[in-house]
Amino acid sequence: MTRMTQQSRASSPHHPILLLSLGHACVDVYQGAVAALVPFFVSERAYGYAAASGIVLAASLLSSVVQPLFGALTDKWAMPWLLPVSALTGGAGVALSGVSGSYALTLAAVAVSGIGVAAYHPESARVARNASRGSHTAMSWFSLGGNLGFAAAPLLVAAVVATGGLHATPLLAVPAVVGAALCAAALRAVAASAPAGGGPAAGRADADEQRDDWASFAKLSAAIVCRSVVFVGLSAFISLYARQRTGGGDVAGTAALFLLYLGGAAGTLAGGRLADRYGRVRVVRWSYGLTVFAVAGLVLVPGPLLFVFTALTSAVLYVPFSLHVTLGQDYLPRRVGTAGGVTLGLTISIGGLASPVIGALADATSLRTALTPLIALPALGLLFLLPLREPGTTPLSAGDRRSKPATTRT
């Protein structure tokens, strides 16, 4: 099948990728919802920066531990039922997070949500990879769903919690129910569109003949951790920072978080198309380099320009998002589930571990001072990326990569 045919299938309204993308949006609402709830916990319960960032940590800590476990399990057995079940679990945790005034129960609720999100991503990445049939653009559409879910989260949380307070969080379970239904429909569509003689079993048989490149995968994962610390740190504190830097109150905070999530939609789609033309590794390196300047503008430039740099930061942070996943899967062709669990989960969740450090530093100094170190992290990530090459190529084939991007294994 040619790339043009693959892309036209991915654009079709009946293609399974569309259903998978919509289901992904409903699940990732709950990753964005935790950060969106932080300002309300601060205002209604008088949490400090460190306590508020602990909520973000609770959502990501268990996720970081169990997501590779789910990835390893999906390497051994196909577990498509995880998609609807994990959607419901992720929604249940966030829905219960505002019901009790207890800090411990709030942490437990968002931790349950984190487990649900962790269970979803490795299997959904495997299913989406099979449905995309090697198209970077199709995988970027799947990742786009997650970006839209992130972007919708602050608006949804603001609409619900600003009206009814934290005790209205059970209404936030609605996307989980919709997402579970979409995931079930997507799985039926994937099964119906699977080519004869193909499917996961055939993919695993092909992968058995390939070698895992753990060294390249480790460098890629280290770079993703750097990106993750930047994104999670900004997600946790951009609302509060925008209020301080612009004087716009709750509206400014919600707008900044919305831009941080929405800009990723454009970045994700651009990443897939650029990778089809220039190659994944080159595009990922470009994006990390540009992120240094974008984050510097966000942290250091005062006033309304903060919103411009927030949107730019979001876009360049998300250009490599779907490319991380497919690169990781191609570096570990025999462990696609593990690769998805790490690139979509563990490395991203580790970013949540830095949130309490940022919060504690902000309590001791200022929020601007605490966010300033984030400028250097994309540059560190770029250093990890410099030795990488496209999977399936050798260092001597650099000229070929410039003229013809490597194709993605399925």
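Below, all heavy atoms of this structure are taken into account, side chains as well, without hydrogens, waters or symmetry copies.
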Answer yes or no: is there a side-chain heavy-atom contact under 4.5 Å between [X] and [Y]?
X      : Y      : result
Arg389 : Val281 : no
Leu306 : Val301 : no
Arg273 : Ser140 : no
Ile358 : Phe237 : yes
Leu388 : Tyr331 : yes
Arg45  : Leu166 : yes
Val99  : Pro170 : yes
Val94  : Leu37  : yes

Practice prompt. Quick one: which residue pairs count as a side chain to side chain donor-acceptor pair (under 3.5 Å) with a foot in residues 368-383, not counting sequence neighbours?
Written response: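 Qualifying pairs: Ser366-Thr369.
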Practice prompt. Would you please test Val190 and Leu20 for side chain to side chain contact (heavy atoms under 4.5 Å, CB included) and show each step?
Written response: CA-CA 9 Å; Val190 169; Leu20 287 167; 4.2 Å; yes
Does the [X] side chain pair with the main chain of [Y], one donor and one acceptor, at a distance under 3.5 Å?
X      : Y      : answer
Arg285 : Leu386 : yes
Gln329 : Ala339 : no
Asp212 : Arg334 : yes
Thr254 : Val251 : no
Ser21  : Trp141 : yes
Ser113 : Gly93  : no
Ser216 : Asp213 : no
Glu390 : Arg280 : yes
Ser314 : Ala311 : no
Thr163 : Val160 : no

Worksheet entry | Closest heavy-atom pair and its distance - His121, Ser124 | O-OG, 3.0 Å
Worksheet item: For the residue pair Gly233 and Leu371, what are the closest heavy atoms and their distance?
Response: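 So the minimum-distance heavy-atom pair works out to O-CD2, 4.3 Å.
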Practice prompt. State plainly whether the residues Asp75 and Arg126 are in salt-bridge range, i.e. N to O under 4.0 Å.
Written response: no
Worksheet item: Is the closest basic N to carboxylate O distance between Arg129 and Asp330 below 4.0 Å?
Response: yes
Discussion item. Is the distance between the ring centroids of Tyr120 and His24 under 6.0 Å?
Written reply: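 Between His24 and Tyr120, the centre distance is under 6.0 Å.
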Worksheet item: What about Trp286 and Tyr278, are their ring centers closer than 6.0 Å?
Response: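 They qualify: ring centres under 6.0 Å apart.
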How far does [atom1] of [X] sit from [atom2] of [Y], to the nearest 0.5 angstrom?
X      : Y      : atom1 : atom2 : result
Leu82  : Thr89  : CG    : OG1   : 9.0 Å
Phe307 : Leu298 : CZ    : CG    : 10.0 Å
Phe142 : Ser132 : CZ    : OG    : 10.0 Å
Ser221 : Trp214 : OG    : CH2   : 8.5 Å
Leu332 : Phe217 : CG    : CZ    : 4.5 Å
Lys219 : Leu383 : NZ    : CG    : 12.5 Å

Worksheet item: Can you list the steps and then say if Leu182 with Cys26 is a side chain to side chain contact (heavy atoms under 4.5 Å, CB included)?
Response: CA-CA 9 Å; Leu182 287 168; Cys26 291; 4.0 Å; yes
Fill in: Distance-only side-chain donor-acceptor flag, Ser287 / Arg227, under 3.5 Å
no
Discussion item. Does Tyr241 form a side chain to side chain contact (heavy atoms under 4.5 Å, CB included) with Val299? I'd like the steps, not just the answer.
Written reply: CA-CA 9 Å; Tyr241 191 62; Val299 174; 4.2 Å; yes
Worksheet item: Taking everything shown except Tyr103 itself, do over 12 heavy atoms lie less than 6.0 Å from its OH?
Response: yes
